[in-house]
J.: 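Encoded as structure tokens, here's the structure I'll be asking about.
Naming convention: chains lettered A, B, ... in sequence-line order (proteins, then strands); numbering from 1 in each chain. Just so you know, these numbers come straight off a predicted model, no measurement behind them.
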Protein chains: 2
Amino acid sequence: MAGRRPNQISGAGSTETTAGSTQMQAINPRQPIAGQVYERLRRAITTLSMLPSEALSEKELSLQLGVSRTPVREALIRLADEGLIDIFPQRGSFVAPIRLRDVEEAQFIRESLEVAVARRLAGGCSRRFLTEIKSNLYDQEKAVNAEAFDLFLELDEAFHKSFCEEAGLSKSWRVIQSVKLQMDRVRYLSLPDLGHLRVLLNQHRAIVDAVEAGDLEQAAHSMAAHLREVLRTAKTLSEQRRDLVEN
Amino acid sequence: MAGRRPNQISGAGSTETTAGSTQMQAINPRQPIAGQVYERLRRAITTLSMLPSEALSEKELSLQLGVSRTPVREALIRLADEGLIDIFPQRGSFVAPIRLRDVEEAQFIRESLEVAVARRLAGGCSRRFLTEIKSNLYDQEKAVNAEAFDLFLELDEAFHKSFCEEAGLSKSWRVIQSVKLQMDRVRYLSLPDLGHLRVLLNQHRAIVDAVEAGDLEQAAHSMAAHLREVLRTAKTLSEQRRDLVEN
DNA sequence: ATTCATATACTACCATGGCAGTATGTCAAC
DNA sequence: GTTGACATACTGCCATGGTAGTATATGAAT
């Protein structure tokens, strides 16, 4: 598990002073700062706005965001717990490399949990859930037709989350969401493909149909097939961007 | 947690009480303090040395342990992430209640993952793993015969951990270990029962036999039965100690 | 050109003080 | 007895300074 030594950061002129220009959006001092910093950094990493091996300095980040080092540090610790950054004491903190092994294990964890969730819901779920999930499917179709990729990703996330919530498994969703970050990062390796979105949408429909029919094995199988499709495309993307993916 | 110093903390043993307080064992200032505080508090909570709704004050803990509030605070945040404590800003931090719902969901997560691991290993594992796991089983039997309960719990943990390691799923084990904390806490609700340990040992044997035979479904079934047994006894214990268990 | 000692500029980790927000005790008004 | 205002004693959250440890640059010696 010995992380590879973080090679020296290619001096891409980080000397550009932070005159508050790249301030994005100011931190709201009335709400917990640590959480805001965490959310912002997590988004930056998962969307590849920050690339692997890029350094995250407590001090520099605190200056850029206009907050103290303490909440920044707490955010970095949380990100390290989720495997998005590597902290080397007294050396520095760096965006973790995209390791194919980690992506595959994230897929394993997610599939194990979500298949079990799907099987459970196929064994019984509320009418309200079915109507809501079908409404979500309808919105997904609209998003695909409108080529609204980001919206589709949001609906996709809500789709999977609602399964856990209907099953009363909120902690499970937290685990899934945490490991999903590794796969989300791979998604951003290339621009989304419209045809691929249609495949995903049809798989979503198959899952809902199996759940509604009460077919446990079919629900489990459909969910597994769906998640493996996500992994398959992730691998394909990895092949195309070997400069950013390890292993 | 990637990239943090390996902080070995000698397990329970000599607990020399220093003057005037339950200092247990001094913090080693040469190793990361936050990690040591975390380990200590986690153990105190899971062994019910600290009971639900007991307060954990940053300031008080820092005085008791002879460290500053910062590493204590970071330890509390980690414990909150794992659901062992509840932090109410500006009000206080308290040991989380044992909620039966949380225990059941921890069981769900653990079963989903470990069943998948068992199925994977039944599909193929190394000879070295089989010899090592059988060696562990042998030690388990010795521990049961010697009525060495704590030793059995350690071997049990190593048993399950080695499954994940053999499958190359270290992150999965971290997830399992994290959710397992909720169940560990229930285990300490009563003294261990020798007959129960024999049941667990036999279930362990059945799992290993199925894996060695390459019977995927049997391996999965044995693992599921084993983990459900653990939950069943947990529920029984909860009934006996409703004063400490919610819901 | 290589090696080795040392100065320097970082890093994350920890200690400590100040702050806003919350619970509680006290006491006057009804 | 009940209510409400206010002082007080906490809490966790954040800001900031100091320290040990690490990487790199510099330069003398080989």
Side-chain angles (χ1 to χ4, degrees), chain A residues 2-15 17-18 26-41 53-81 84-96, chain B residues 1-7 9 26-41 53-81 84-96:
Chain A
R4 87 188 163 102
R5 229 184 185 79
N7 295 335
Q8 180 193 358
I9 308 305
S10 56
S14 64
T15 51
T17 49
T18 65
I27 296 284
N28 180 357
R30 306 285 297 180
Q31 290 182 2
I33 297 176
Q36 295 180 64
V37 175
Y38 164 78
E39 296 284 352
R40 181 167 306 195
L41 292 178
S53 310
E54 194 167 342
L56 299 95
S57 163
E58 284 182 7
K59 191 172 184 177
E60 188 175 341
L61 287 172
S62 67
L63 290 177
Q64 284 183 6
L65 298 173
V67 299
S68 83
R69 304 198 308 278
T70 303
V72 171
R73 171 173 165 72
E74 290 170 2
L76 293 181
I77 291 175
R78 283 190 61 186
L79 291 168
D81 278 338
L84 287 181
I85 74 173
D86 293 328
I87 299 178
F88 300 90
Q90 274 69 43
R91 292 206 285 145
S93 302
F94 309 88
V95 177
Chain B
M1 168 116 84
R4 314 192 69 166
R5 267 183 249 155
N7 40 353
I9 298 178
I27 295 284
N28 181 356
R30 306 285 297 181
Q31 289 183 2
I33 297 177
Q36 295 180 63
V37 174
Y38 164 78
E39 296 285 353
R40 182 168 304 195
L41 291 178
S53 59
E54 192 168 340
L56 299 96
S57 162
E58 283 183 10
K59 191 171 185 177
E60 188 176 342
L61 286 173
S62 67
L63 291 176
Q64 284 183 5
L65 298 173
V67 299
S68 84
R69 305 198 308 276
T70 303
V72 171
R73 170 173 166 73
E74 290 170 1
L76 293 181
I77 291 175
R78 286 190 58 186
L79 291 168
D81 277 338
L84 287 182
I85 74 172
D86 293 327
I87 298 179
F88 301 92
Q90 274 69 45
R91 293 207 291 144
S93 302
F94 309 89
V95 177

J.: Touch check for B:Pro29, heavy atoms < 4.0 angstrom, all strands: base, sugar-phosphate only, or nothing?
T.: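 The answer is nothing, as B:Pro29 stays clear of every strand by at least 4.0 Å.
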J.: Could you tell me the separation between the CZ atom of B:Phe88 and the P atom of D:dC13, rounded to a whole number of Å?
T.: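 Whole-Å distance recorded here is 12 Å.
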J.: Should the side chain of A:Ser93 and the base of C:dT11 be counted as holding a donor-acceptor pair, with the cut-off at 3.5 Å?
T.: no
J.: Can a donor-acceptor pair under 3.5 Å be found between the side-chain atoms of B:Gln90 and the base atoms of C:dG21?
T.: no
J.: According to a strict under-4.0 Å criterion, is A:Arg91 in side-chain N/O contact with OP1 or OP2 of D:dA23?
T.: yes
J.: Check the distance between D:dG21's P and B:Ile33's CD1 and give it to me in whole angstrom.
T.: 12 Å
J.: Looking at CZ of A:Phe94 and CD of A:Glu54, how far apart are the two atoms once the value is rounded to the nearest 0.5 Å?
T.: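 Result: 11.0 Å between the selected atoms.
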J.: Using atom CG of B:Leu79 as one end and atom C1' of D:dG12 as the other, report the distance to the nearest whole Å.
T.: 15 Å
J.: For a quick test of reading the model: is some side-chain N or O of A:Ser68 closer than 4.0 Å to OP1 or OP2 of D:dC14?
T.: no
J.: Below 4.0 angstrom from OP1 or OP2 of D:dA15, is there any side-chain N or O of A:Thr70?
T.: no
J.: If you round to the nearest 0.5 Å, how far is CD of A:Glu58 from CD of A:Glu74?
T.: 10.0 Å
J.: Would you mind classifying the nucleic acid contact of B:Ser62 as base, sugar-phosphate or nothing, using non-hydrogen atoms under 4.0 angstrom?
T.: nothing
J.: What is the separation between atom CG on B:Leu63 and atom P on C:dT16, rounded to the nearest whole Å?
T.: 10 Å
J.: CG of B:Leu41 to CG of B:Leu76: how many Å apart, nearest 0.5 Å?
T.: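 That separation rounds to 6.5 Å.
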J.: How long is the line joining CD1 of A:Ile87 and P of D:dT22, in whole Å?
T.: 16 Å
J.: Once rounded to the nearest 0.5 Å, what's the spacing between atom CZ of A:Arg73 and atom CG of A:Leu56?
T.: 14.0 Å
J.: Rounding to a whole Å, what distance do you find between A:Phe94:CZ and C:dA12:P?
T.: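 The answer, rounded to whole Å, is 8 Å.
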J.: Return whichever of A:Arg30 or A:Glu58 has its heavy-atom-nearest nucleotide of DNA chain C closer to the 5' end.
T.: A:Glu58
J.: Between CD1 of B:Ile27 and CZ of B:Arg40, what distance do you get to the nearest 0.5 Å?
T.: 4.0 Å
J.: Distance check needed: D:dT16 C1' versus A:Arg73 CZ, whole Å only.
T.: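 Whole-Å distance recorded here is 14 Å.
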J.: From the list D:dG12, D:dA15, C:dA15, which nucleotide is the closest neighbour of the side chain of B:Ser57?
T.: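 The closest nucleotide is D:dG12.
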J.: Whole-Å distance between C:dC13 P and A:Glu74 CD?
T.: 12 Å
J.: B:Ile77 near the nucleic acid: base, sugar-phosphate alone, or nothing, with a heavy-atom cut-off under 4.0 Å?
T.: nothing
J.: Does B:Arg69 contact C:dG17 through a side-chain donor or acceptor facing the base, at a distance under 3.5 Å?
T.: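 For B:Arg69, whose side chain was compared with the base of C:dG17, there is a donor-acceptor pair (under 3.5 Å).
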